[in-house]
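Atom set for the values below is all heavy atoms of this structure, side chains included, hydrogens, waters and symmetry mates excluded. Treat the numbers as computed from the prediction; the structure is a model and nothing was measured.
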Amino acid sequence: MEPDPAWQPGGREPAPGSLALIQAFVNTEIPEWHRDDVGTPAALAEWLTVHGLLERGRGATAGEFVRARAVRQALRELALANTLAAPLDAETRARVDELLRQVPLVLEAAPDGGIRVRAAGSGVDVALGRLLAIVLEAERNGVWRRLKACRQDSCRWLFYDHSRNRSSSWCSMSICGNRVKTRAYRRRRAAGEGPA
């Protein structure tokens, strides 16, 4: 049975506007459940088509498939940096930078006289460019930092932090937050019961 795409752990509200598409794309992989909804080039092309990012009948090459999965992982890592409020380490940043250089984007004049980013290229690269353009717009609007990855290592579900002080760290306090706190409690208790 397919899960409801609007479902969020702990009853959270999904990300607003087009940022929900970024959340949905990254959450096509649920590491803890060993689930990947875009685990083949055909599944990736179908997901991108259903979400209006790829023209119908267009497939995904092996290279595009690998690049799309790498972009998905990079977005998860960037969202985790939002959660931890910490800069990316040099190795991760270099890897993400190299990947971003592979997705063609162009600047163009907007009708209102501003400048906007548009996806270039063809096929899956256009779809990836559209996703990255959403991230850039969210960054510009000040909402990107609210898109976070659960800090639980086995989860990393992307969620939108609607809290006033932007302090959420887990997809759900009652699920992952409770697991982390329970493990920490057990470690402290075991350390206290050990030999002196």
> Is there a side chain to side chain contact (heavy atoms under 4.5 Å, CB included) between Arg93 and Asp89 once you walk through the steps?
Replying inline: CA-CA 6 Å; Arg93 186 173 174 196; Asp89 62 72; over 6 Å; no
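- Closest of all the heavy-atom pairs between Leu105 and Ala119 is CD2-CA, 3.9 Å.
- Residues Trp144 and Leu19 have side chains in contact (heavy-atom distance under 4.5 Å, counting atoms from C-beta outward).
- A side-chain contact (heavy atoms from CB on, under 4.5 Å) with Leu75 is found for exactly one of Leu158, Val26, Leu80, namely Val26.
- Counting only distance, with no hydrogens or angles, the side chain of Ser18 and the backbone of Ile134 share no donor-acceptor pair below 3.5 Å.
- Side-chain contact between Pro16 and Tyr160 is present, with at least one heavy-atom pair separated by less than 4.5 Å.
- When all heavy atoms of Val124 and Gly59 are compared, the closest pair comes out as CG2-O, 4.1 Å.
- In plain terms, the two heavy atoms of Ala149 and Thr83 that are nearest each other are O-OG1, 2.7 Å.
- Heavy-atom minimum distance, Gly121 versus Val126: O-CG2, 3.2 Å.
- For Glu108, the side chain to side chain donor-acceptor pair (under 3.5 Å) criterion is met by Arg116, Arg118, not counting sequence neighbours.
- Counting only residues at least two apart or on different chains, the salt bridge (charged side-chain N to carboxylate O under 4.0 Å, His left out) pairs with a member in residues 65-80 are Glu29-Arg72, Glu29-Arg76, Asp36-Arg69, Asp36-Arg72, Arg67-Asp125, Glu77-Arg95.
- Applying the salt bridge (charged side-chain N to carboxylate O under 4.0 Å, His left out) rule to Arg101 yields the partners Glu98; only residues at least two apart in sequence or on another chain are considered.
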> Run the side chain to side chain contact (heavy atoms under 4.5 Å, CB included) check on Leu21 and Leu53 step by step: do they pass?
Replying inline: CA-CA 10 Å; Leu21 191 56; Leu53 296 167; 3.9 Å; yes
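- Interatomic distance, Asp161 CG to Asn82 CG, rounded to the nearest 0.5 Å: 10.0 Å.
- Of all heavy-atom pairs between Val96 and Ala74, the closest is CG2-CB, 3.9 Å.
- A chain of hydrophobic side-chain contacts below 4.5 Å, direct or via other Ile, Leu, Val, Met, Phe, Trp or Tyr residues, connects Leu100 to Leu128.
- Counting only distance, with no hydrogens or angles, the side chain of Thr49 and the backbone of Ala45 share a donor-acceptor pair below 3.5 Å.
- When the side chains of ILVMFWY residues are joined at heavy-atom separations under 4.5 Å, either directly or via intervening members, Trp157 and Leu78 end up in two distinct hydrophobic clusters.
- Note that CZ of Arg12 and OG of Ser163 are 7.5 Å apart. Values are rounded to the nearest 0.5 Å.
- Linking Ile, Leu, Val, Met, Phe, Trp and Tyr residues whenever their side-chain heavy atoms come within less than 4.5 Å leaves Leu147 and Ile30 in two separate clusters.
- Of the possible donor and acceptor atoms, none in the side chain of Thr28 sits under 3.5 Å from a partner among the backbone N and O of Ala24.
- By the 4.5 Å side-chain criterion applied to Ile, Leu, Val, Met, Phe, Trp and Tyr, Val106 is assigned to no cluster and stands alone.
- Applying the salt bridge (charged side-chain N to carboxylate O under 4.0 Å, His left out) test to Arg58 and every residue at least two apart in sequence or in another chain returns nothing.
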> Under the side chain to side chain contact (heavy atoms under 4.5 Å, CB included) criterion, do Glu64 and Thr61 qualify, and how do the steps go?
Replying inline: CA-CA 5 Å; Glu64 290 171 332; Thr61 67; 3.2 Å; yes
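- Every residue two or more places apart in sequence or in another chain that forms a salt bridge (charged side-chain N to carboxylate O under 4.0 Å, His left out) with Asp153 is listed here: Arg156.
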> Can Val71 and Leu131 be said to form a side chain to side chain contact (heavy atoms under 4.5 Å, CB included), step by step?
Replying inline: CA-CA 9 Å; Val71 166; Leu131 290 170; 5.6 Å; no
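- Hydrophobic cluster membership differs between Val50 and Leu48, with clusters built from Ile, Leu, Val, Met, Phe, Trp and Tyr side chains linked at under 4.5 angstrom.
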